[in-house]
**Q** 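Handing you this structure, nothing more for now.
We number each residue from 1, following the sequence as shown.
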Amino acid sequence: MNYSNLFKIALRAIAANKMRSFLTALGIIIGVASVIAMLAIGQGSKKSIQKNIAQMGSNMIMINPGADRGPGGVRQDASSMETLKLTDYQSLKDECNYISAISPVVNKSGQFIYGNNNAPSTIYGVNTDYLTIRQLSVDDGEMFTDEDIKASAKVCVLGQTVVDNLFPDGSDPIGRVVRFNSIPFRVIGVLKKKGYNTMGMDQDDLVLAPYTSVMKRILAQTYLGSINCSAITEGLTDKATDEITTILRRNHKLKDATDTQEADDDDFSIRSQEELASMMNSTTDMMTILLGCVAGISLIVGGIGIMNIMYVSVTERTREIGLRMSVGARGVDILNQFLIEAILLSVTGGIIGVIIGVGSSYAIKFVAHWPIYIQPWSIVMSFAVCTFTGVFFGWYPAKKAAQLDPIEALRYE
């Protein structure tokens, strides 16, 4: 028998039992569709997180005070430490070769008031580089200048959420005076809207002001809450981090390790968006793998279904097998006949599963508004796995059919 005849025989056998063939392929259909949809959701989440991190500044580096131990060994909150000074900011600005922008940061949460309207928010004391670091832009009005910073001017730039809360009638906030607690600030600009990030934080719920104004007029402090900066490129983040560490350890007179003593611990901490991106990618990759494994179980179940149905088919067609072998069919012909039938069922189920999987992925995107990203390799992998499943689970029943004794098969009732 040639393969063309075997293919025709397999098609006739499948067509003769349409419902049973469909139910056999159903497990493969569900498995392939589930794998594609689950991987699309996982990869979509990963792409969404990467996009949001990029919007925050993928090469951003955040320097914060380090926690320290007080009397009795009690660890103090890092936010209460005073280890970062304006001299540290100036040293980093003057000496770092791998950063393109740097800004001191101090902040205070409180109530903003304009007329009869008020809104809780946070005022951030920064410089003009902060817009570049955080990839913000002024949509209306202008950013405060270096002269405003030197003069500790009481001017501010509002985020869109604060504008909506303080000016619900849609009036122009530029030139108006808002109060933070009891301190007046003149509005000179409005930031372009950015919306919520992946962590659910409203990126428009903020107010920017000169850091000197916030330090002197609101906080009455001389130390910084943090320092934010941007590496020249994302690839130079590690070099920038090492350079920052060296300069701050020198400024803070921290001793390096010697033969007789250990190195002093850093009294600051450095975090980069690259670290955050790596951590989030690891989390989403693990989630994608778990989703894929759960969906892959359906493929195994579908394969077991094919094996069971093929066993039933071999039993039902024992006399047919005996007749074919008695007129000259070899064992390998019988093996190929049933194997082709199993592969046809799995490949057909795989094709239908791919169509349903892609369709359901887009349905999830438009109905549930979840981000999805269908990678071609997920379709190829699912199709390859379902084909392998057909061969693997169809081979044993086919081998059993090929090993039947022709005389015993003809006598089978």
**Q** Below 4.0 angstrom, N of the basic side chain to O of the carboxylate: do Arg249 and Asp264 qualify?
**A**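 No salt bridge links Arg249 with Asp264.
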**Q** Do the rings of Phe268 and His252 sit parallel, tilted or perpendicular, given the 30° and 60° boundaries?
**A**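 It falls in the perpendicular class, over 60°.
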**Q** Pairing donors with acceptors under 3.5 angstrom, does anything connect the side chains of Asp164 and Thr161?
**A**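 Thr161 and Asp164 do not have a side-chain donor-acceptor pair below 3.5 Å.
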**Q** Can you tell me how far CG of Leu254 sits from OG1 of Thr246, rounded to the nearest 0.5 angstrom?
**A**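 If I round to the nearest 0.5 Å, the distance is 11.5 Å.
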**Q** Which heavy atom in Val106 sits nearest to a heavy atom in Val214, and how many Å separate them?
**A**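 That would be CG2-CG1, 3.7 Å.
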**Q** Just do the side chain to side chain donor-acceptor pair (under 3.5 Å) check on Asp148 and Thr145 with the steps written out, would you?
**A** CA-CA 5 Å; Asp148 292 326; Thr145 63; 3.3 Å; yes
**Q** Whether the Asp129 and Ser103 side chains hold a donor-acceptor pair (N or O, under 3.5 Å, no angle test) is what I'd like checked.
**A**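 No, no side-chain donor-acceptor contact under 3.5 Å.
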**Q** Enter the distance from Ile36:CD1 to Ser361:OG here, rounded to the nearest 0.5 Å.
**A**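 Result: 7.0 Å between the selected atoms.
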**Q** Are the side chains of Asn117 and Asn165 in contact, using a 4.5 Å heavy-atom criterion?
**A**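 No, side chains not in contact.
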**Q** Test ring-ring contact (aromatic ring centres under 6.0 Å, His included) on Phe167 and Tyr114; report intermediate values, then the result.
**A** CA-CA 8 Å; Phe167 303 92; Tyr114 178 75; 4.6 Å; yes
**Q** Any chance you could measure Phe185, atom CZ, to Lys154, atom NZ, to the nearest 0.5 Å?
**A**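 Answer for the CZ-NZ pair, Phe185 versus Lys154, is 7.5 Å.
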**Q** As a quick check of understanding, evaluate side chain to side chain donor-acceptor pair (under 3.5 Å) for Asn228 and Tyr124, giving each step before the final call.
**A** CA-CA 12 Å; Asn228 288 1; Tyr124 289 87; over 6 Å; no
**Q** Can you tell if the side chain of Met215 reaches within under 4.5 Å of the side chain of Leu86, non-hydrogen atoms only?
**A**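 In contact.
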**Q** Please give me the minimum heavy-atom distance between Arg217 and Ser152, naming the atom from each residue.
**A**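 Scanning both residues, the minimum pair turns out to be NE-O, 2.8 Å.
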**Q** To the nearest 0.5 Å, tell me how far Ile14 CD1 sits from Leu344 CG.
**A**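 Rounded to the nearest 0.5 Å, the CD1-CG separation comes to 4.5 Å.
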